[in-house]
Amino acid sequence: MATDTAALWSTPSDVEVAVTRTFDAPQHLVFDAFTKPEHIVHWMLGPDGWTMPVCEVDLRAGGRWRMVWRRADGTEMGMTGTYLEVTPHSRMVQTEAWGEGWAETVNTTEFIADGSRTTVVQTMKYPSKTDRDRAMESGMTDGADTSYDRLEKYLATNPTAA
């Protein structure tokens, strides 16, 4: 197993946040883990203690997606979006909205194959620097890093049978 899999966060512009993370799994499997509900519910949970009782994906340009997370105390949060572009196994562009009070983003995710490994580069574009900075201060990087660590372990279980 490689040891260079920590996420790298950056701000490519005043309105963007980018995260780059390499996984020890082939491109098609990493893409499936990001786009198929039977995989997403195992890893995209943020901090420990959350589950994902709703995970709906219509993976096509113009298709909608919706996810709802639930904590043990019953607290829920959700997000929705629309796929703008889907190139199987290599790229997708989608909107992402967390609800009232939060800016909608346009997220571009690239899945770059390197032998049996895959580097994921996700760039989130906000309407303004203020919106971007507010999101960065919300703890989004910690939650995403926890999810990516969980994904790395999930991919190691060979989830193709899921």
Side-chain angles (χ1 to χ4, degrees), residues 5-11 15-23 25 29-86 91-111 118-128 130-162:
T5 56
L8 300 174
W9 289 88
S10 65
T11 50
V15 296
E16 294 175 305
V17 175
V19 58
T20 302
R21 174 85 185 232
T22 298
F23 297 95
L29 186 56
V30 176
F31 183 85
D32 285 354
F34 272 78
T35 58
K36 293 186 174 180
E38 63 267 32
H39 297 303
I40 294 169
V41 299
H42 290 281
W43 69 270
M44 195 182 289
L45 303 173
D48 289 339
W50 289 86
T51 61
M52 184 184 290
V54 177
C55 183
E56 301 167 349
V57 174
D58 181 6
L59 189 63
R60 61 185 172 86
R64 305 257 323 142
W65 60 272
R66 182 172 83 102
M67 297 172 189
V68 176
W69 289 264
R70 182 177 299 141
R71 198 167 45 193
D73 67 2
T75 303
E76 290 189 344
M77 64 179 190
M79 69 177 174
T80 62
T82 301
Y83 293 102
L84 304 176
E85 176 186 333
V86 177
R91 177 182 163 90
M92 64 183 175
V93 181
Q94 66 195 62
T95 63
E96 178 181 298
W98 283 90
E100 189 173 326
W102 289 95
E104 183 176 81
T105 60
V106 175
N107 302 347
T108 301
T109 308
E110 306 277 348
F111 300 85
T118 304
T119 297
V120 176
V121 180
Q122 185 173 50
T123 304
M124 295 146 273
K125 186 172 183 178
Y126 292 84
S128 71
T130 300
D131 293 324
R132 181 201 69 179
D133 292 349
R134 180 176 176 222
M136 291 288 288
E137 293 166 2
S138 72
M140 70 180 267
T141 58
D142 292 339
D145 285 344
T146 299
S147 290
Y148 286 154
D149 289 347
R150 192 177 293 117
L151 174 58
E152 183 174 284
K153 292 175 185 167
Y154 179 70
L155 290 168
T157 67
N158 190 15
T160 55

Legend entry - Residue pair W65 / L59, side-chain heavy-atom distance below 4.5 Å: no
Inset, instruction - Could you tell me whether the side chain of E56 reaches within less than 4.5 Å of the side chain of D58, counting heavy atoms only? - result: no
Inset, instruction - Give a yes or no on whether the ring-centroid distance for W69 and W98 is below 6.0 angstrom. - result: yes
Legend entry - Test item: side-chain donor near acceptor, R64 and T82, under 3.5 Å: yes
Inset, instruction - Kindly indicate whether the side chain of T108, heavy atoms from C-beta on, has any atom under 4.5 Å from the side chain of Q122. - result: no
Inset, instruction - Tell me whether the centres of the aromatic rings in Y126 and W102 are closer together than 6.0 Å. - result: no
Legend entry - Test salt bridge (Lys or Arg N to Asp or Glu O under 4.0 Å) applied to R150 and D145, step by step: CA-CA 9 Å; R150 192 177 293 117; D145 285 344; over 6 Å; no
Inset, instruction - Assign the ring pair Y154 / H42 to parallel, tilted or perpendicular, where the plane angle (0 to 90°) is split at 30° and 60°. - result: parallel
Legend entry - Test log, rule side chain to side chain contact (heavy atoms under 4.5 Å, CB included), inputs H39 and F34: CA-CA 7 Å; H39 297 303; F34 272 78; over 6 Å; no
Inset, instruction - Would you tell me whether N107 and Q94 have side-chain atoms, one donor and one acceptor, within less than 3.5 Å of each other? - result: no
Legend entry - M44 CE to C55 SG distance, which is reported to the nearest 0.5 Å: 7.5 Å
Legend entry - Side chain proximity check, R132 to V17, heavy atoms < 4.5 angstrom: yes
Inset, instruction - Tell me yes or no: between the side chains of E16 and T123, is some donor less than 3.5 Å from an acceptor? - result: no
Legend entry - T95 side chain reached by T105 side chain, heavy atoms, under 4.5 Å: no
Legend entry - Full working for side chain to side chain contact (heavy atoms under 4.5 Å, CB included) between M67 and I40: CA-CA 10 Å; M67 297 172 189; I40 294 169; 3.9 Å; yes
Inset, instruction - Find the distance between NZ (K36) and CG (L29) and round it off to the nearest 0.5 Å. - result: 9.5 Å
Legend entry - Distance-only side-chain donor-acceptor flag, T146 / D149, under 3.5 Å: no
Inset, instruction - Starting at CZ of R91, measure out to OG1 of T109 and round the result to the nearest 0.5 Å. - result: 9.0 Å
Inset, instruction - For the pair R70 and T75, evaluate side chain to side chain contact (heavy atoms under 4.5 Å, CB included) and give the outcome as yes or no after the intermediate values. - result: CA-CA 6 Å; R70 182 177 299 141; T75 303; over 6 Å; no
Legend entry - Within-4.5 Å side-chain heavy-atom neighbours: Y83 and V57: yes
Legend entry - Worked check of side chain to side chain contact (heavy atoms under 4.5 Å, CB included) between T20 and V120: CA-CA 6 Å; T20 302; V120 176; over 6 Å; no
Inset, instruction - Measure the shortest side-chain to side-chain distance between T22 and T118 over non-hydrogen atoms and say whether it is less than 4.5 angstrom. - result: no
Inset, instruction - Evaluate the side-chain proximity of R21 to E152: yes if any heavy-atom separation is below 4.5 Å, no if none is. - result: yes
